[in-house]
2 protein chains.
Amino acid sequence: MAIPDPLEDDLAKIGGIEGLRSLFPDDEALETLSGRFKALADPMRLRILILLAPGPLCVCVIRETLGIADSRLSYHLNVLKKAGLIAGEPQGTWIIYSLTPVGGRALSFLEGE
Amino acid sequence: MAIPDPLEDDLAKIGGIEGLRSLFPDDEALETLSGRFKALADPMRLRILILLAPGPLCVCVIRETLGIADSRLSYHLNVLKKAGLIAGEPQGTWIIYSLTPVGGRALSFLEGE
DNA sequence: TATCCATTTCATATCATTTTGAAATAGATC
DNA sequence: GATCTATTTCAAAATGATATGAAATGGATA
């Protein structure tokens, strides 16, 4: 038996299984959202967001502050960029990264906890 | 060269590398925070949170709605529980899961996007 | 054009998460 | 106590994410 009898009534009141399923956003929206959370789910990436909160910084300063290898930083910057949390603006020889509006909001959620 | 000369001045104004490092929470806090985001970083787990938003549900109804195997659901419920986003209350033969306050706030952040 | 330097890309190794199906647990009912 | 059923646990396989160092890119300057 899938659903025990005593629960069937409660379930019916809220529209049954189909009623519950209607709560879900479509798969694409869920992927986007969970992808954003995935980007936030790493201490090194949270450090990068925290660094960018006061204002934009170039890659070299971020690298020096975090004390990690170039390629490793580049990987994490790319994850954040793909998730729409930061944006990079080439400026002469170097690239300046800053928080996007979404990135800023994610960070304030972070600080609200 | 670590930091290009033209950037040194800007960097000095914001307290240098050490000034930037002082922005970081300690490692443990970052682990806790990224751990919570990790729990949110999966479409199936987001579906579970969305299901529980209107009110508590038993495991069997959640399983039937999601259409996944028992053990798989149990795994995801456990991830959410460990992250403090949901709580399970045994009630007779079955177990009733509900959002915690933190889980509710995470969900509203989710919907605010 | 040759060179320099900041950043990214790539291949590969390592590590972590997720899925799957079978077996265990534990509470309720007979 | 025996059995039934909802849920969890476990081990293994499959999949995905991260770290690392060497090589490539591409803009700036000489």
Side-chain angles (χ1 to χ4, degrees), chain A residues 1-8 10-11 30-31 34-48 52 56-83 85-98, chain B residues 1-8 10-11 30-31 34-48 51-52 56-83 86-98:
Chain A
M1 185 188 346
I3 309 288
D5 286 345
L7 291 180
E8 283 285 7
D10 290 350
L11 186 54
L30 283 171
E31 284 297 335
S34 65
R36 191 157 291 165
F37 281 124
K38 206 168 291 184
L40 292 164
D42 179 282
M44 199 56 79
R45 290 197 289 269
L46 290 181
R47 285 192 192 93
I48 294 173
L52 295 178
L57 291 174
C58 71
V59 175
C60 58
V61 168
I62 301 173
R63 172 179 39 67
E64 208 63 14
T65 306
L66 294 175
I68 61 177
D70 288 333
S71 59
R72 188 177 167 194
L73 175 56
S74 193
Y75 167 74
H76 285 298
L77 288 173
N78 196 43
V79 172
L80 289 169
K81 196 164 60 179
K82 274 185 183 160
L85 297 170
I86 66 174
E89 181 78 7
Q91 204 154 103
T93 316
W94 46 80
I95 298 174
I96 309 292
Y97 276 95
S98 54
Chain B
M1 184 187 352
I3 309 287
D5 285 344
L7 290 180
E8 284 286 6
D10 290 351
L11 185 53
L30 283 171
E31 285 296 336
S34 66
R36 192 157 290 164
F37 281 124
K38 205 170 292 186
L40 291 164
D42 180 282
M44 200 56 79
R45 291 198 288 270
L46 290 181
R47 285 191 191 94
I48 295 172
L51 272 184
L52 294 178
L57 290 175
C58 71
V59 175
C60 58
V61 169
I62 300 173
R63 173 180 36 68
E64 207 64 18
T65 307
L66 293 174
I68 61 177
D70 288 331
S71 59
R72 188 178 168 193
L73 174 55
S74 193
Y75 167 75
H76 285 297
L77 288 173
N78 196 43
V79 172
L80 290 169
K81 197 163 60 178
K82 274 186 183 160
I86 65 173
E89 181 79 7
Q91 203 154 104
T93 314
W94 46 81
I95 297 175
I96 309 293
Y97 277 93
S98 54

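Chain identifiers are assigned alphabetically (A, B, ...) following the order of the sequence lines, protein sequences preceding nucleic acid strands; residue numbering begins at 1 within each chain. Predicted model, so just to flag it, every value in this text is computed and none were measured.
- Here C:dT7 presents its C1' atom at 17 Å from OH of A:Y75, a figure rounded to the nearest Å.
- In the set D:dT20, C:dT7, D:dT7, C:dT7 carries the atom at the smallest distance from any side-chain atom of A:W94.
- Minimum atom distance to the side chain of A:I95 is reached by C:dT7, of the listed C:dT18, D:dT18, C:dT7.
- When the nucleotides C:dT20, C:dT7, C:dT17 are ranked by their closest atom to the side chain of B:S71, C:dT20 comes out on top.
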Verify side chain to side chain contact (heavy atoms under 4.5 Å, CB included) between B:I62 and B:L52, making sure each step is shown before the conclusion. CA-CA 9 Å; B:I62 300 173; B:L52 294 178; 4.2 Å; yes

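- Toward the 5′ end of DNA chain D lies the nearest nucleotide of B:I96, the other residue of the pair A:A69 and B:I96 mapping further downstream.
- Side-chain proximity of B:S74 to D:dT18, D:dT9, C:dT7: nearest is D:dT9.
- Residue A:D70 places its side chain closer to C:dT8 than to any other of C:dT8, D:dT8, D:dT7.
- Checked against C:dT8, D:dT8, C:dT17, the side chain of B:K38 finds its nearest nucleotide in C:dT17.
- Straight-line distance from the CG atom of B:D42 to the P atom of D:dT15: 16 Å, rounded to whole Å.
- In this structure, the nucleotide among D:dA19, C:dT8, C:dT19 sitting nearest to the side chain of A:H76 is D:dA19.
- Looking only at distances, no side-chain donor or acceptor of A:S74 sits under 3.5 Å from a matching main-chain atom of A:D70.
- Out of D:dT8, C:dT7, D:dT18, the shortest distance to the side chain of B:V59 is found at D:dT8.
- Per the geometry, CG belonging to A:L66 stands 13 Å off P belonging to D:dT20, to the nearest Å.
- Judged by distance alone with a 3.5 Å cut-off, no donor-acceptor contact links the side chain of A:T93 to the base of D:dG27.
- As a whole-Å value, the separation of B:L57 CG from D:dA6 C1' is 15 Å.
- For the pair B:C60 and A:M44, both in contact range of DNA chain D, the more 5′-proximal nearest nucleotide belongs to B:C60.
- For B:Y97, a side-chain nitrogen or oxygen approaches OP1 or OP2 of D:dT8 to under 4.0 Å.
- Distance CD1 (A:I68) to C1' (D:dG21): 14 Å, rounded to an integer number of Å.
- Of all heavy-atom pairs between B:I68 and B:R63, the closest is O-CG, 3.2 Å.
- Atom NZ in B:K82 sits about 12 Å away from atom C1' in D:dT8, given to the nearest Å.
- When the P atom of D:dT15 is taken as reference, atom CZ of B:R72 falls 13 Å away, rounded to whole Å.
- Rounded to whole Å, atom P of D:dG26 lies 20 Å from atom CD of A:Q91.
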